[in-house]
Amino acid sequence: MRITVRLFLSFRAGRFHTETIECPAGITVAGVASDLALLDDTIGLVLVNDRQADVQHELTDGDRLALFPVVGGG
Amino acid sequence: MLHEFLAERAEGDLVPWPVQAEAMRHFRLSCGEAEGGILEAGFLPTRYRRNRRMISVAQQLTLFRSQVAVVGCGGLGGYVLEELARLGVGRLVAIDPDTFEEHNLNRQLLASQATLGRNKSAAAAERIAQVNPAVTVRAIQAPFTREVATELLEGVDVVADGLDRIDTRLELAAACGVLGIPLVHGAIAGWFGYVTTVFPGEDTLQRLYSRRPTTKGIEADLGNPSFTPAVVASLEVAEIVKIRLGIGTLLRGRVLCVNLLDMDMECVALAEATTST
């Protein structure tokens with residue numbers, strides 16, 4: 001299936017801003033993140049089709065996934 | 001009467017500093033009291049002259065009567081405090097248990113060779129006394145905790161997040177929710193940052209940090225340069241002014257993602273959570 005992935009802030013480095021990718025049916029957000037070599041403990045907000053989801057959420061064809069890093073500095 | 005005193009000496013409706021100082025002596029007023037009297041009489045201290053095209057005298061009085069707590073006086077907090085003081089927000093609460101260390105010098109506005117080893121909130125009070133003596137500062141040389149929240153935030157109209165720990169931010173968000181105080185959140189790491197505004201009853205911060213309620217994010221790897229805290233802090237200050245004046249469009253229910261590497265800033269709306277899985 002194909003999903004569109006939007007990466008925010010530091011996640012773009014060495015990857016992309018927005019890309020439509022091929023992935024196995026039923027893959028989770030965590031699976032996509034892992035394939036993109038995004039470390040699980042850097043992932044903060046996850047949006048699937050503009051709604052907050054958790055990393056165990058199973059994606060379906062045509063989904064739009066947005067991944068945001070955790071930022072805590074001040 | 002103060003009004004007559006000012007009317008005789010004002011330049012139009014502007015009151016220059018020497019007249020404000022003379023009013024303080026003549027009427028035995030503190031600088032803050034004189035400032036309040038000037039604004040209430042419909043005059044404007046000359047220092048705010050460049051505000052007045054976008055902030056009216058009545059709005060300037062609203063800011064003067066406002067109390068804002070800045071939790072954390074480091075990278076973000078230093079700029080937030082400086083800008084709020086220059087704007088004329090009349091009462092500030094500066095909260096920070098820490099002292100300045102050498103590695104703060106690359107970005108923390110209140111850090112200087114002279115303030116190394118000084119408590120950050122005390123340094124804030126000293127700086128503000130120099131920049132705008134009409135502003136009253138309560139310097140709290142202690143950490144923000146849930147236990148002291150009610151006492152620290154008593155009478156506060158808006159809270160500005162200047163923290164560098166996620167767990168403390170969540171405590172702050174919870175306390176602001178209970179106390180009914182709007183919170184303006186900012187967080188930074190490297191070239192990047194987030195800004196959002198949380199009103200009582202909203203769970204934006206809990207949602208932003210729902211996966212990692214620990215202490216640090218990517219800033220542990222990316223560090224913090226001089227410019228990112230200045231940008232994010234300034235965005236926080238703009239939100240605070242808008243909250244107090246009831247103008248503009250706030251970042252409620254949406255997160256401003258600041259990316260200084262690519263020079264893009266994008267607001268992301270936080271709709272309800274998906275219900276699947």
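Computation of the quantities below employed the complete heavy-atom set of this structure, encompassing side-chain atoms and omitting hydrogens, waters and symmetry-equivalent molecules. In the text below, chain A, chain B and the rest are named by the order of the sequence lines, each starting its count at 1.
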*Asks:* As an exercise: rank B:I188, B:V268, B:L76 by heavy-atom pairs under 4.5 Å with chain A and give me the winner.
*Replies:*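 Of the candidates given, the most pairs with chain A belong to B:I188.
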
*Asks:* More than 12 heavy atoms of other residues, nucleotides or ligands under 6.0 Å from CD of B:E266: is that the case?
*Replies:* yes

*Asks:* Using a 6.0 Å cut-off, check whether atom CZ of A:R15 has over 12 heavy atoms from anything other than its own residue.
*Replies:* yes

*Asks:* If you round to the nearest 0.5 Å, how far is CG of A:D54 from OG of B:S210?
*Replies:* 8.5 Å

*Asks:* Relative to chain A, which segment of B:D221 carries a heavy atom at a distance below 4.5 Å: side chain, backbone, both, or neither?
*Replies:*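 Neither part.
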
*Asks:* So which part of B:Q108 gets closer than 4.5 Å to some heavy atom of chain A, the side chain, the backbone, both or neither?
*Replies:*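 The answer is neither part of B:Q108.
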
*Asks:* Quick one: which residue pairs count as a salt bridge (Lys or Arg N to Asp or Glu O under 4.0 Å) with a foot in residues 177-206 of chain B, not counting sequence neighbours?
*Replies:*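 Every salt bridge (Lys or Arg N to Asp or Glu O under 4.0 Å) pair that includes a residue of residues 177-206 of chain B, provided the two are not neighbours, is B:E202-B:R252.
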
*Asks:* If the test is side-chain contact (heavy atoms from CB on, under 4.5 Å), which one of B:L260, B:N259, B:L261 qualifies with A:L9?
*Replies:*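 Considering B:L260, B:N259, B:L261, a side-chain contact (heavy atoms from CB on, under 4.5 Å) with A:L9 is found only for B:N259.
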
*Asks:* Using heavy atoms and a sub-4.5 Å threshold, report which of residues 66-74 of chain A line up against chain B, by residue number.
*Replies:*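 Counting heavy atoms that sit under 4.5 Å from chain B, the residues of residues 66-74 of chain A involved are A:F68, A:P69, A:V70, A:V71, A:G72, A:G73, A:G74.
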
*Asks:* Under 4.5 Å from any heavy atom of chain B, what part of A:N49 do you find: side chain, backbone, both or neither?
*Replies:*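 It is neither, since no heavy atom gets under 4.5 Å.
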
*Asks:* If you count every heavy atom of other residues, nucleotides or ligands that lies below 6.0 Å from B:E102 atom CD, does the total exceed 12?
*Replies:* no

*Asks:* Once rounded to the nearest 0.5 Å, what's the spacing between atom CZ of B:R211 and atom OG1 of A:T42?
*Replies:*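 So the gap between those two atoms works out to 8.5 Å.
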
*Asks:* Under 4.0 Å between a Lys/Arg side-chain N and an Asp/Glu carboxylate O for A:R12 and B:D264?
*Replies:*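 Salt bridge present between A:R12 and B:D264.
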
*Asks:* Can you tell which part of B:R165 gets under 4.5 Å to a heavy atom of chain A, answering side chain, backbone, both or neither?
*Replies:*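 B:R165 touches chain A through backbone heavy atoms alone.
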
*Asks:* Less than 4.5 Å to any heavy atom of chain A: does that hold for the side chain of B:V258, its backbone, both, or neither?
*Replies:*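 The backbone, not the side chain.
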
*Asks:* Look at A:V55, A:L39, A:T28 and state which one has the largest set of heavy-atom pairs under 4.5 Å with chain B.
*Replies:* A:V55

*Asks:* Hey, could you give me the CG/CG distance between B:L270 and A:D50, rounded to the nearest 0.5 Å?
*Replies:*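 CG of A:D50 is found 10.5 Å from CG of B:L270.
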
